[in-house]
Amino acid sequence: MSPRSHETAVLIVGAGPVGLALAADLGWRGVSCLVVEQGEGPPDHPRASALNARSMEFMRRFGIAEAVRAASAPEDFPHTALYCTSLNGYEIARIERPEHGGKGATTASPERPQRCNQLWLDPILRDLAASFARVELRYRCAFAELTQSRDGVLTTVHDLATDERYRIAARYVVDCSGGHSPIRRAFGIDMSGSAYVGHHLSIFVRAPRLWEHHPMGKAALIMFVEPAGLWRNLVMLDGRELYRFGISGKAFFDAPVSVDADGLFAEVVGKAVPHEVLSIRRWSARNVVAERYRVGDVFLAGDAAHLNHPASGLGLNTGFGDAVDLAWKLEATLAGWGGARLLDSYEIERRPVGVCNVGHASDTYDTDRMRRPHPEIAQATEAGAAARRTLGEAILRTQTRKYITDGIALGYGYDASPICWREQSPAPPLTASEYRPTSYPGSRAPHAWFAPARSTLDAFGRGFVLMRLGAAAPDPAAIAGAFAQRGVPLSILSVADPAIAALYERRLVLVRPDGHVAWRADAAPTDPSALVERVRGGVYSMESEPRSQAMP
Ligand SMILES: Cc1cc2nc3c(=O)[nH]c(=O)nc-3n(C[C@H](O)[C@H](O)[C@H](O)COP(=O)(O)OP(=O)(O)OC[C@H]3O[C@@H](n4cnc5c(N)ncnc54)[C@H](O)[C@@H]3O)c2cc1C
């Protein structure tokens with residue numbers, strides 16, 4: 001694409017983390033795309049920090065996991081979630097997350113969850129996206145309107161630097177413009193879910209070595225419990241001196257300039273400590289999902305498609321999942337090996353994940369929000385101690401699933417997808433905290449080391465991979481022939497290791513370019529053409545309802 005080309009295969013509106021990740025994935029696949037962003041560049045005020053293991057696996061495929069780790073909180077900074085009355089008051093509960101942060105694999109993944117705020121993550125993603133010859137980023141360029149025709153989408157943008165308006169012709173448009181999406185609104189797409197609307201202030205604070213001013217020790221997330229409820233929190237950003245101090249309430253939201261941020265900060269610390277308020281921003285929270293993720297050749301991804309309260313750290317992670325699901329389908333469709341229905345499967349696969357994650361965020365946030373602590377919660381009385389004990393037990397019982405979400409991060413699947421080969425037996429149930437590896441069609445293919453420092457996941461990304469597992473794996477020739485006939489890229493990976501064969505549960509497992517299982521069996525299929533037709537999104541019909549969203 002020439003530097004000022006007004007034509008592109010994919011136009012991405014919004015260079016937030018999801019738009020940038022999509023651009024990077026498309027660039028990695030050699031698909032040309034143009035990103036228009038109304039702002040000047042990455043944010044100067046903190047938002048998301050929590051990257052789950054699945055997002056880190058995407059970073060690994062992009063080759064930036066090390067850079068993200070280096071920009072994350074120091075390896076030894078504990079990812080503890082702490083509840084207390086104030087940092088110099090009483091501890092109420094703490095949830096440890098020893099498998100988060102630092103280097104080294106877990107049994108479930110080659111990557112650990114990290115805390116890398118968008119202050120540092122977005123520039124890494126921007127530089128990665130910009131490094132691909134076929135990706136162009138245009139900042140200070142706002143989406144204005146679009147029209148669709150049989151040939152694609154004609155979008156009018158406003159160059160805010162020159163005040164010029166011009167049109168961009170694209171085959172597809174992906175709306176990554178965030179919660180206020182002008183495209184979703186123009187299409188009149190409703191958001192459904194909880195009626196909750198939360199009003200918050202985010203206060204960016206520098207407080208060097210804050211942990212030396214209180215006895216609670218280091219913690220990544222600190223929730224302050226007051227007689228009136230849980231309305232303030234402190235989120236560690238760099239593990240050294242930077243924090244996001246959150247306060248909730250419509251009165252604060254309506255009049256941010258009159259907020260005594262220094263006084264409120266001293267209250268939660270429990271005494272005056274050296275600090276500096278760097279910036280204050282308002283934000284509102286909702287727990288809703290768009291009714292549609294696609295209108296014609298326009299797709300919604302990230303916050304444009306789903307919004308949730310960030311307390312369980314799911315918004316950005318869910319958005320990355322959207323980008324990764326869509327990127328290979330766009331590549332396949334543009335290259336001609338994707339079937340006519342492939343792009344339909346984006347909404348079918350990703351919307352249930354959005355509903356599930358938003359539901360989890362909503363439930364767990366509401367559980368804290370609705371708490372009415374005992375009036376003596378912060379008092380040095382027997383009743384105060386009893387109230388703290390009772391509340392601490394309730395928090396541990398109900399909120400561990402808010403902070404430990406390995407099941408959500410790694411266990412989500414597309415078992416009801418029309419491009420996965422569903423089996424007679426039901427898909428394994430999804431649980432929020434615990435991930436159980438499975439190769440059930442639709443699931444993320446499990447991680448195992450099949451060579452030094454080489455995860456099974458490292459084999460996925462470009463085209464489909466047919467895994468032959470164990471010594472008795474069937475001949476893949478018929479499948480390979482059917483794929484070749486349709487021009488669908490396929491590579492064969494033979495893994496003799498019996499432990500990996502047991503983990504993968506079948507002798508043949510077909511993995512999609514996004515690392516999800518499309519099909520598995522112990523014998524070669526009788527009709528390999530039907531298999532390739534299904535997984536490439538050729539003609540299909542919806543056979544089943546998506547699995548239940550209820551999650552223990
Ligand atoms: C305080 C806070 C803490 C959070 N913590 C977490 C967390 O720990 N983990 C997590 O997973 N999520 C978290 N989130 C949510 C996370 O920040 C969002 O889910 C994420 O930023 C969504 O990314 P996005 O790219 O979809 O949208 P955005 O980040 O909103 O980016 C959208 C971009 O589109 C641009 N845009 C908008 N309109 C136009 C237009 N007309 N033309 C051109 N460009 C346009 C905007 O300028 C913006 O840059 C948090 C959110 C908040 C507010």
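First listed ligand is number 1; within each ligand, the first listed atom is number 1. Note that this is a predicted model, so its numbers are computed, not measured.
- At the top of the distance list for atom 33 (C) of ligand 1, counting protein heavy atoms only, stands Glu37 OE1, 3.5 Å.
- Judged by distance alone, the side chain of His360 and the main-chain N or O of Arg401 form a donor-acceptor pair under 3.5 Å.
- His516 pairs with exactly one of Trp328, Phe460, Tyr412 by the ring pair (Phe, Tyr, Trp, His ring centres under 6.0 Å) rule, that one being Tyr412.
- For atom 23 (O) of ligand 1, the closest non-hydrogen atom on the protein side is Pro17 CG, 3.5 Å.
- Counting only heavy atoms of the protein, atom 37 (C) of ligand 1 lies nearest to Ser177 O, 3.2 Å.
- Closest approach of Ser433 and Thr400 over heavy atoms only: OG-O, 4.1 Å.
- Distances below 4.0 Å separate heavy atoms of Asn317 from the following atoms of ligand 1: 11 (O).
- The CH2 atom of Trp28 lies 4.5 Å from the CZ atom of Arg61; values are rounded to the nearest 0.5 Å.
- Side chain of Glu276 to backbone of Val205: no donor-acceptor contact under 3.5 angstrom is found.
- Close contacts between ligand 1 and Gly313 involve ligand atoms 7 (C), 8 (O), 9 (N), 10 (C), 11 (O) [criterion: under 4.0 Å to a heavy atom].
- For the residues His200, His306, Arg244, Gln38, the heavy atom positioned nearest atom 39 (C) of ligand 1 is part of Gln38.
- With hydrogens left out, the protein atom closest to atom 24 (P) of ligand 1 is Val18 CG2, 3.8 Å, a heavy atom.
- Ligand-side atoms of ligand 1 in range of Cys141: 43 (C), range being under 4.0 angstrom from any heavy atom.
- Between the side chain of Ser345 and the backbone N or O of Leu342 there is at least one donor-acceptor pair closer than 3.5 Å.
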Tell me, with the steps shown, if Arg171 and Val10 meet side-chain contact (heavy atoms from CB on, under 4.5 Å).
CA-CA 6 Å; Arg171 186 68 201 82; Val10 182; over 6 Å; no
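- Nearest protein heavy-atom contact of atom 13 (C) of ligand 1 is Ala48 CB, 3.2 Å.
- Residue Pro182 has at least one heavy-atom neighbour below 4.0 Å for each of these atoms of ligand 1: 41 (N).
- Of all the heavy atoms of Trp283, the ones lying under 4.0 Å from any atom of ligand 1 belong exclusively to the side chain.
- Close contacts between ligand 1 and Val36 involve ligand atoms 43 (C), 44 (N) [criterion: under 4.0 Å to a heavy atom].
- Comparing heavy-atom distances from atom 20 (C) of ligand 1 across Ile183, Asp303, Asn117 singles out Asp303 as nearest.
- A distance of 12.5 Å separates NZ of Lys402 from CD1 of Ile408, quoted to the nearest 0.5 Å.
- The nearest heavy-atom contact from the protein to atom 15 (C) of ligand 1 is Leu316 N, 4.1 Å.
- Distances below 4.0 Å separate heavy atoms of Gly302 from the following atoms of ligand 1: 26 (O).
- Taking atom 42 (N) of ligand 1 as the reference point, the nearest protein heavy-atom neighbour is Phe143 N, 2.8 Å.
- Of the listed options Gly14, Gly19, Pro310, Pro310 places a heavy atom closest to atom 2 (C) of ligand 1.
- Checked options Leu137, Leu330, Leu26; the residue passing with Cys33 is Leu26 (criterion: side chain to side chain contact (heavy atoms under 4.5 Å, CB included)).
- Assignment of Gly319 to the shell around ligand 1 is not supported, since no heavy atom sits closer than 4.0 Å.
- Evaluated by nearest non-hydrogen atom to atom 29 (O) of ligand 1, the leading choice among Arg47, Glu145, His45 is Arg47.
- Taking every heavy atom of both residues into account, His309 and Asn287 meet most closely at N-OD1, 2.7 Å.
- Among His100, Glu99, Glu96, the single residue meeting the side chain to side chain contact (heavy atoms under 4.5 Å, CB included) criterion with His79 is His100.
- Under a cutoff of 6.0 Å and an axis angle of 45°, Arg282 and Phe253 form a cation-pi pair.
- For the atom pair CD of Gln399 and CD1 of Ile95, the computed distance is 7.0 Å after rounding to the nearest 0.5 Å.
- Those atoms of ligand 1 that come under 4.0 Å of a heavy atom in Gly315, given as number and element, are 10 (C), 11 (O), 12 (N), 19 (O).
- Of the protein's heavy atoms, Gly178 CA, 3.7 Å lies nearest to atom 27 (O) of ligand 1.
- Taking each of Gln118, Arg138, His180 in turn, the one with a heavy atom nearest to atom 21 (O) of ligand 1 proves to be Gln118.
- Taking the ring centre of Tyr435 as origin, the terminal cationic atom of Arg444 falls inside the region bounded by 6.0 Å and 45° from the ring axis.
- For Leu314, every heavy-atom contact with ligand 1 shorter than 4.0 Å involves the backbone, none the side chain.
- For ligand 1, one of its N or O atoms has an N or O atom of Ala50 under 3.5 Å away.
- Panel note: side chain Arg29, backbone Gly461; a donor-acceptor pair is recorded below 3.5 Å.
- Within the set Pro46, Gly16, Pro43, Ser55, the minimum heavy-atom distance to atom 31 (O) of ligand 1 is found for Gly16.
- Each of the atoms 32 (C), 33 (C), 34 (O) of ligand 1 lies under 4.0 Å from some heavy atom of Cys176.
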